[in-house]
Structure formats: structure tokens, C-alpha cells
Number of protein chains: 2
Amino acid sequence: MQHNLKKINSELNPNVSVDCVIFGFDLEQLTVLLIDRGEISSAFGPRLALPGNLIYDNENLDMAANRVLDELTGLNNIYLEQVGAFGDPDRIHKESDREWLKSIRAEPEARVITVAYFTLVPMSDYKPQASSFAKNADWVPLNEIKELAFDHFEILQSAKEKLKQKIKIQPIGFNLLPEKFTLSQLHRLYESILDKPLDKRNFRRKIQKLDILTSLREKQRGVPHKPSLLYQFNEEKYQELTQTGFDNFGF
Amino acid sequence: MQHNLKKINSELNPNVSVDCVIFGFDLEQLTVLLIDRGEISSAFGPRLALPGNLIYDNENLDMAANRVLDELTGLNNIYLEQVGAFGDPDRIHKESDREWLKSIRAEPEARVITVAYFTLVPMSDYKPQASSFAKNADWVPLNEIKELAFDHFEILQSAKEKLKQKIKIQPIGFNLLPEKFTLSQLHRLYESILDKPLDKRNFRRKIQKLDILTSLREKQRGVPHKPSLLYQFNEEKYQELTQTGFDNFGF
DNA sequence: ATAGCTTTGTGTCAATTTTACACTATCCAA
DNA sequence: TTGGATAGTGTAAAATTGACACAAAGCTAT
């Protein structure tokens, strides 16, 4: 309702939009939540696009990004970080793009600056097929994405790079995992993000030395092999650690 | 003239501006090039502001940032990096801000998103007092800045942080020094940016091991103490180094 | 029940990097 | 010539990194 008030009291700004790169992790590889713009647009260009929308004149950029995320997935209070602003005057160059813009009430000829955010959500928290929201959204493995609408592919690359950098400074990866996870899952996650193999034993040693994980006395169940111990991210220990000025979470 | 054509053929976009955090280094500390908005605004709030301007509808964001920098300092082909987009709807809240906006032909009531960039320029390359451009611009030591117009102080903090992070990945610091510099100057520069003391011997050892400096056979002149050897940044060696995937320039 | 499959979990050693630390050399100015 | 200021240099201990292989645990199929 607060939501509705906003929309009633405020106008869409025709010049500024927000796009979200919503990363997920299927325990094997990184994925991104993309919008399928449907058959019509496919005749002209890529069907897939990042979720995004114009901003309202009375909301700040972070709010707008949260709103887009919420409207699409129903999720809020999710880790969210700005990637940057993108705005080539000629970024809208395909007929399909214009059609699409009309559908979100944007002026196709207007020059639009978009501010991109990336967010990390546990894939288990959002199953598109089960959602009553946009049924045309779905998780797509990162390495299957070859093109996107507008300049979204470029934005995606930027977001990946930002994520790569950021994870060396702050252990945000946990946002992509279920609350309880195994060290192997965390290991695979870091390999996916950093896009390079990491020695298993060295990875474990290093992450454990950080002392920001709580080892649960609980084991994985239903796996056809030796079950792994489960761990949880320990927010308190992490806070203690950062208060010493520590900021090296790199691998 | 290319310049003029742009202005004639294109409109200012009333919703999007670009602000530049122009860092300098006086061989002792970091400085920032700020605009003095004059007596009028001082009655209402901070006189000092980041240089910035609205963008034209036909230029991309990077071009706009370069233009702002060029218009103010006459410098171009300068290292420039995006900090991010800033856009609280209420960022313009002072009477002085409105006056100022009118003076740059912006609509005081409009909601303006600003995209911030930071750039590193050798202070010696631009002396405000000698410039025929904006005489109301001047270098201000970073630690003397307590407040700025609009949300510029927040932008400045962000830019500092980005610079701090970036310098750990890419040795961009050289952009702040004259072509020939001493290791002590480089040392002080790193301490200023990272905002922490670095051991002299360890710093020298590490930076020399990178092998991206050319040691000149030339000494400092006119200093009242033992003159230092001068060095130059070696672009070729740096390129070789990065081509191996190396990206750890941290201290 | 057993054998085979799959993934977990673990230790060591060498090489490298980091940290802490103090004195002599050189030039200028008085 | 002396005093003041900064440049320039090495070493040893501690911590971190990187490379590397095999036994243990549970599931499945026979």
C-alpha cells in the first residue's frame, strides 16, 4: 500500500531506469534471472533481457532497484550493490527494443540512462515456475548467455566483474547459498565467481582460518556418496573480523 | 568546433548530470579540484562543489565526463573512471543549490540523477590561478574538506573508496605524479590513498620487484638534503605484467 | 553382503611473501 | 665544518601460499 501510494503520487521519470542483474547459484554454476520478452521481440533480436524499469521521481536509486527486485521475485532485504550507470545515446537500436519499451510505458525515442545493480539471491528462495509473478522470468546459466537486449550483455559483464572484485573484499558469496551449505558447495561457488580452479585443500584451509563459519553437527542427507558436514555463515564472527580492519577475503 | 556543433545540435538533458572528482597530489597529500560557487551561495550553505554539468542528449556518459574535465581544466586524455550514480530525490534541498542550478541552466525543481567519475591528474599539469578557464576552481587538500554542496561530500567519500580499491588492482597512482618522480613521493602517495602508514623499506622492495619502474640515471635537484634518484613509470613492462594475468598491486 | 562408485576430508613440505626493525650516505645550508 | 634532512639499504622470523595423494563414508547395484 505504501507501494501504491508511491505510484499514485509520483511520476515515472522517462530518462532514468534501473536494471537488476540477479545472480543465483544452482550449486554447480552461476545463473542470472532473465526476462523473456516473448515471441514478438524474438523476430527482431534477443528475447532475453535483464529485469528493469523506469524509476519514479520520488524514489532513490537503491529503492528503485529494490522495488524492481521485489516486483519480480517478491524478495526484499536482499544484498544489492550498484554496478554503475550506462547510457550510450544509441543504446536502443532495435525495433524490438522500442516495442518492449512501449510495453513498460517508456518513451521509445527518449534517451534513457540506466543504473545497474547486481544482487545475490539464494536460488531456492525463488522458483519462477511456482511464482504468481512474471511467469516469463527464469534462471539462465551464465555461460549460456550469448546476447541480451539493449546493452544488457555489457551490463552483465560489468556486474560479473564487480562481483569478482567485491568478493575479494567482502564474503558476500554466502548470499547465494542456502542457509546450510557444504564446504564443497562454497568451493564451487568461489570457482564459479572467480572463474578459475581453486585447490580444494588450500581453499578449505583458508576459508576455515577466517573463522567466519559455524560448523553444524549435521550432515547432508540423501546424497549418493559420503555426506558432507553442513556449515553456516557466522555473521557475528564476521563483524568481529571486519572491526579489526581486515578486508582480505581473496583467493 | 566539434565542440560547438555538439552544443548546437543537441539538447541538455535536464535529468542527468555528470560530476567529476578530480584528484591531485601535491607531493604531500591528496587534493581535489573544487569549484567555488561564490559569495551568494555561501550565505545558504557550502560554497564548494564538485565540477559537474548536465549531459547533452547525444553524448554518452564517459564523453560527458571528459567534456566537463576538459571545459574546466583544458585537460583531456586523462585517466577517468566511473564511481557510480547518485540520485536521492531530495538531494537538492538548499536555496543556494537552486541558485547554483539556475546558473548552469538546470531546472531547480527537476529530479537530477548524477553520475560521478573520478580522475587523476598531475597537479603540475593544471594550475587554476594561471588558467584562463574557471578562475573559481582550486585544489583543496582532501582532509580539509568537511562539507560540500548537494550530496557531493558523499560522492567524494565514494570516490576515495573506489580509488583505494582500484589502486590495489591497477597501478593508476602514477597518473597523479609528474613524469619523473622519486620513490619517496610514490610512497607518500600510496600512504595518502590507502590512508595508512606503509613501511618504507617494504614498500620500496615490493614496488621495485613489480619491475614496472624505469630507474633514470638522474637525480633530484635543489632539495636541501640527499637528492633522490628519479624514476619513470614503464608502460611496456606494465603491459607485459598484466598480460600474465597479474592483478595484485596491493599494499 | 559385497563390490564399486562417488565425493569428503585431511597433512606436509618447500617456496614465497610479509613484517619488523636501524644505521650509513649524501647533499644543502649555515 | 658541522648540523639537519632525507635517501637508501639487509636480514631474520613468521606467516602464507602452492603443490600434491590417499583413506573414510555413504549410496547403489548385484
Side-chain angles (χ1 to χ4, degrees), chain A residues 26-29 167-169 171 177-178 180-192 194 196-232 241 244-251, chain B residues 25-29 168-169 171 177-178 180-192 194 196-232 241 244-251:
Chain A
D26 63 11
L27 301 187
E28 279 299 327
Q29 55 189 330
I167 206 174
K168 293 176 178 176
I169 292 171
L177 292 170
K180 300 171 181 183
F181 52 85
T182 72
L183 288 186
S184 293
Q185 291 165 353
L186 188 60
H187 182 206
R188 270 180 240 121
L189 174 57
Y190 270 78
E191 291 188 322
S192 303
L194 298 177
K196 69 177 181 192
L198 299 170
D199 181 84
K200 179 169 63 161
R201 280 183 285 193
N202 295 339
F203 176 82
R204 282 164 172 256
R205 173 164 32 121
K206 194 163 174 180
I207 200 88
Q208 303 223 52
K209 179 145 16 140
L210 290 179
D211 194 32
I212 53 174
L213 294 185
T214 303
S215 167
L216 305 176
R217 291 231 157 259
E218 192 181 345
K219 284 178 183 169
Q220 238 180 345
R221 294 193 50 90
V223 287
H225 56 261
K226 176 173 176 179
S228 170
L229 275 176
L230 292 172
Y231 290 81
Q232 257 181 328
L241 185 55
T244 69
F246 185 89
D247 73 340
N248 177 13
F249 297 89
F251 283 90
Chain B
F25 181 61
D26 64 12
L27 301 188
E28 279 301 323
Q29 55 188 328
K168 293 176 178 176
I169 292 171
L177 293 170
K180 300 172 180 183
F181 52 85
T182 72
L183 289 185
S184 293
Q185 290 165 353
L186 187 60
H187 181 207
R188 269 180 240 121
L189 174 57
Y190 270 78
E191 290 187 323
S192 303
L194 299 177
K196 70 177 181 193
L198 299 171
D199 181 84
K200 179 169 61 161
R201 281 184 285 191
N202 294 339
F203 175 82
R204 282 165 170 256
R205 172 155 37 106
K206 194 163 174 180
I207 201 85
Q208 303 223 53
K209 179 144 19 144
L210 290 178
D211 194 32
I212 53 174
L213 294 185
T214 303
S215 167
L216 305 177
R217 291 232 158 257
E218 191 180 346
K219 285 178 182 170
Q220 238 179 346
R221 293 194 50 91
V223 287
H225 57 262
K226 177 175 176 178
S228 171
L229 276 176
L230 292 172
Y231 290 81
Q232 257 181 325
L241 185 56
T244 70
F246 185 89
D247 73 340
N248 177 13
F249 297 89
F251 283 90

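Proteins get letters first, then strands, A, B, ... in listed order; numbering begins at 1 in each. All values derive from a computational prediction rather than experimental measurement. Reckoned from all heavy atoms, side chains included, excluding hydrogens, waters and symmetry mates.
B:E28 is linked by a side-chain hydrogen bond (donor to acceptor under 3.5 Å, both in side chains) to nothing, counting only residues two or more places apart in sequence or in another chain. The side-chain hydrogen bond (donor to acceptor under 3.5 Å, both in side chains) check on B:Q232 picks up B:E179, with sequence neighbours excluded. Every residue was checked against the ring-ring contact (aromatic ring centres under 6.0 Å, His included) condition with B:Y231, not counting sequence neighbours, and none meets it. Taking A:D247 as the reference, B:K168 meet the salt bridge (charged side-chain N to carboxylate O under 4.0 Å, His left out) condition, with sequence neighbours excluded. Applying the side-chain hydrogen bond (donor to acceptor under 3.5 Å, both in side chains) test to B:T214 and every residue at least two apart in sequence or in another chain returns B:N234.
Taking atom NZ of B:K196 as the reference point, atom P of C:dT18 lies 11 Å away to the nearest angstrom.
Atoms NE2 and OG, from B:H187 and B:S192 in turn, are 9.5 Å apart once rounded to the nearest 0.5 Å. Taking CG from A:L177 and CG from A:L189, the interatomic distance works out to 5.0 Å, rounded to the nearest 0.5 Å.
No donor-acceptor pair under 3.5 Å is formed between the side chain of A:R204 and the backbone N or O of A:L183.
Relative ring orientation between B:Y190 and B:F251 is described as perpendicular, the plane-to-plane angle rising above 60° on a 0-90° scale split at 30° and 60°.
Sequence neighbours left out, not one pair with a member in residues 206-227 of chain B passes ring-ring contact (aromatic ring centres under 6.0 Å, His included). Residue pairs meeting the salt bridge (Lys or Arg N to Asp or Glu O under 4.0 Å) criterion with at least one member in residues 212-224 of chain A, sequence neighbours excluded: A:K180-A:E218.
Contacts of B:S184 with the nucleic acid, taken as non-hydrogen atoms under 4.0 Å apart, involve only primed sugar atoms and P, OP1 or OP2.
Within residues 224-231 of chain B, the residues approaching DNA chain C are B:P224, B:H225, B:K226, B:P227, by heavy-atom distance under 4.0 Å. Scanning residues 201-222 of chain A for heavy-atom distances under 4.0 Å to DNA chain D yields A:R201, A:N202, A:R205, A:K206, A:K209, A:K219.
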All N/O donor-acceptor pairs, side-chain side in residues 205-213 of chain A, below 3.5 Å, sequence neighbours left out:
residue : atom : partner : partner atom : Å
A:R205  : NH2  : A:N202  : OD1          : 2.6
A:K206  : NZ   : A:G250  : O            : 2.6

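Here the shortest heavy-atom pairing between A:L198 and A:E191 reads N-OE2, 2.8 Å.
Inter-axis angle, ends of the helix from C:dA1-D:dT30 to C:dA30-D:dT1, five pairs per end, rounded to 10 degrees: 10°.
Read 5' to 3', the first and last nucleotides of DNA chain D with an atom closer than 4.0 Å to a heavy atom of chain A are D:dT16 to D:dC27.
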